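Okay, here's the structure, questions in a sec.
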2 protein chains.
Amino acid sequence: MKLREGVEWAVHCCINLSWVSPDTTVPAARLAAFHDLPTAYLNKQMNALGREGIVASRSGPRGGFRLGRPPQDITLMDVAAAIDGSAQAFLCTGIRHHGPAGRITGQADARTPCTIAQAFSLAELEWRRNLAGRSIADLADAVQRANPAAPEHVRRWFDQP
Amino acid sequence: MKLREGVEWAVHCCINLSWVSPDTTVPAARLAAFHDLPTAYLNKQMNALGREGIVASRSGPRGGFRLGRPPQDITLMDVAAAIDGSAQAFLCTGIRHHGPAGRITGQADARTPCTIAQAFSLAELEWRRNLAGRSIADLADAVQRANPAAPEHVRRWFDQP
DNA sequence: GAACGGGTACTCGGATAACTATTGTCCGAGTGACTGTGG
DNA sequence: CCACAGTCACTCGGACAATAGTTATCCGAGTACCCGTTC
């Protein structure tokens, strides 16, 4: 099981965006430069965030990205789902119905849900719930507690050309 | 985030193996036939289980696989880790230290753990804990409750040549 | 009749190939800002 | 001096290529059984 690398990038960018003034847009190139990431690919990830309304984008000069809604309304689950997709990690292909297994168990469990899928879904639900309980604002606060000067430093770096 | 398809196969096979007598070995070909799966590939997955001691294997005529330990001592996490690997889904590449970001935040958070990685690790830990709390025996019982005749049917099918 | 040795068929296990998904790159469409001109 | 139109540079967004990971297949090594032979 593996999460796409872009999730890490996206979360960092969202935190950074939460620290610059909410009405200033930051180009993907600048966001990428801050962490020394490939610009075009980060842009692609930001697009994905844009499709979900997590960030708002604007083209042209003075264009770029800004948060689409307050950082306390953006959860880690939102970001992960936007970048990595919201499909279940364990997807039941129903092999219990295939081949002799299907004929043997018969229609007894044709209607009952797959026990295995249920177990994995439950675990995954906990995972989702956990991520959904953490907002970008929460993380930004936590970072600030560990390094109080960080927000100001970041804001200043993004403000200067 | 996506779990390999082999995880589903492996769990099903473990449950089936828990229902045949513990000292009979079942060839991969037979396990595969039961669910109409590609034999060689399932064999590969069973190899992975074997490396972790989840199943024991024997070559030659009358060879095959059997559970390596009692089904109540095999958790879904064990199986998932054996097939899919036990690496973290979210792996922190430390981009907060790359480029200007690293110079700006300085050594203030050089020693502090990455907040983002922590958040994802926590969620993942819950996922793991959940899967580690469910054994093959648990699932087998649940299936039996839904379909009481299943164990006997499965045992009989695997016994006959 | 019993023990032994060779052959055989069967099974796992790892090496190899096909395919899919992720990662990375490029270029066009759109947009706002700037500049020069005319009133 | 102010308004306006044309041009330009900048940015996103999606289309296209390279790379890595997963899925599938194949063949060799090893093992237990079976059969024929010998004591």
Side-chain angles (χ1 to χ4, degrees), chain A residues 1-10 13 17 23-33 35-66 68 80 82-87 89-91 93 95 158 161, chain B residues 1-10 13 17 23-33 35-66 68 80 82-87 89-91 93 95 158 161:
Chain A
M1 195 175 63
K2 192 165 147 288
L3 229 55
R4 295 189 204 170
E5 198 177 2
V7 174
E8 184 187 7
W9 303 359
C13 289
L17 285 177
D23 50 353
T24 62
T25 58
V26 182
R30 193 126 187 87
L31 284 169
H35 293 295
D36 200 18
L37 299 172
T39 300
Y41 191 31
L42 177 63
N43 187 35
K44 196 182 177 67
Q45 313 291 0
M46 297 304 290
N47 285 349
L49 295 186
R51 273 191 289 275
E52 301 297 322
I54 295 171
V55 300
S57 63
R58 215 177 56 178
S59 288
R62 297 272 173 167
F65 295 93
R66 60 180 171 78
I83 302 291
D84 202 67
S86 52
F90 180 98
L91 49 90
T93 59
I95 64 170
F158 276 104
Chain B
M1 194 174 65
K2 191 164 148 291
L3 230 56
R4 294 188 204 171
E5 197 177 3
V7 173
E8 184 187 8
W9 302 0
C13 288
L17 285 176
D23 50 352
T24 60
T25 58
V26 182
R30 194 126 186 85
L31 284 170
H35 292 295
D36 200 18
L37 299 172
T39 300
Y41 191 33
L42 178 63
N43 186 36
K44 194 181 180 63
Q45 313 290 1
M46 298 304 290
N47 285 349
L49 294 186
R51 272 192 291 275
E52 301 297 323
I54 294 170
V55 300
S57 63
R58 215 177 56 179
S59 288
R62 297 273 174 166
F65 296 92
R66 59 179 171 78
I83 302 290
D84 201 68
S86 52
F90 181 98
L91 49 90
T93 59
I95 65 170
F158 277 105

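Quick caveat, the model's predicted, so the values are computed rather than measured. Lettering follows sequence order; numbering is per chain, from 1.
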Check your understanding: Earliest and latest nucleotide of DNA chain D, 5' to 3', sitting under 4.0 Å from a non-hydrogen atom of chain B?
Key -> D:dT22 to D:dA32
Review point. Is the backbone of A:R62 close enough, under 3.5 Å, to the side chain of A:T25 for a donor and an acceptor to pair up by distance?
Key: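 A pair under 3.5 Å: yes.
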Review point. Which is true for B:A28 with a 4.0 Å heavy-atom rule: it touches a base, it touches only sugar-phosphate, or it touches nothing?
Key: sugar-phosphate
Check your understanding: When the distance from OH of A:Y41 to C1' of C:dT25 is rounded to whole Å, what number comes out?
Key -> 12 Å
Check your understanding: Starting at CZ of B:R66 and ending at P of C:dT11, how long is that distance when rounded to a whole Å?
Key -> 17 Å
Check your understanding: Atom CG of A:N43 and atom CG of A:L37: how far apart are they, to the nearest 0.5 Å?
Key -> 12.5 Å
Check your understanding: Closer to the 5' end of DNA chain D via nearest nucleotide, is it A:G64 or A:K2?
Key ->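 It is A:G64, whose closest nucleotide lies nearer the 5' terminus.
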Review point. Roughly how many Å is it from CD in A:E8 to P in C:dT22, rounded to a whole number?
Key: 17 Å
Exercise for review: Please tell me if the side chains of B:F65 and B:I54 come closer than 4.5 Å, counting only heavy atoms from C-beta onward.
Suggested key: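 Not in contact.
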Exercise for review: Ignoring backbone atoms, test whether B:S57 places a side-chain nitrogen or oxygen under 4.0 Å from the OP1 or OP2 oxygen of C:dG13.
Suggested key: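 Affirmative; the distance criterion is met.
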Check your understanding: What is the distance, rounded to the nearest whole Å, between atom CE of B:M46 and atom P of C:dG13?
Key -> 10 Å
**Study point:** Toward the 5' end of DNA chain C, by each residue's nearest nucleotide, A:G6 or A:R58
**Key:**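 Closer to the 5' end of DNA chain C: A:G6.
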**Study point:** Non-hydrogen side-chain atoms of B:I83 and B:L3 separated by less than 4.5 Å
**Key:** no
Exercise for review: Whole angstrom is fine here: how far is it from CD1 in A:I83 over to P in C:dT23?
Suggested key: 10 Å
Review point. Looking at side-chain heavy atoms only, is the closest gap between B:L31 and B:Q45 below 4.5 Å?
Key: no
Exercise for review: Taking only the side-chain heavy atoms of A:P61 (C-beta and beyond), determine which of C:dT11, C:dG32, C:dT23 contains the nearest atom.
Suggested key: C:dG32
Review point. With a 4.5 Å heavy-atom cut-off, do B:H35 and B:W9 have their side chains touching?
Key: no
Point to revise | Atom pair CZ/CZ of B:F90 and A:R4 - distance to nearest 0.5 Å | key: 14.5 Å
Check your understanding: Please give, in whole Å, the distance from C:dT25 P to A:Q45 CD?
Key -> 13 Å
Exercise for review: Whole angstrom is fine here: how far is it from CZ in A:R4 over to P in C:dT20?
Suggested key: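 Going from CZ in A:R4 over to P in C:dT20 covers 17 Å.
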**Study point:** Gap between atoms CD and P, on A:E5 and C:dA21 respectively (whole Å)
**Key:** 20 Å
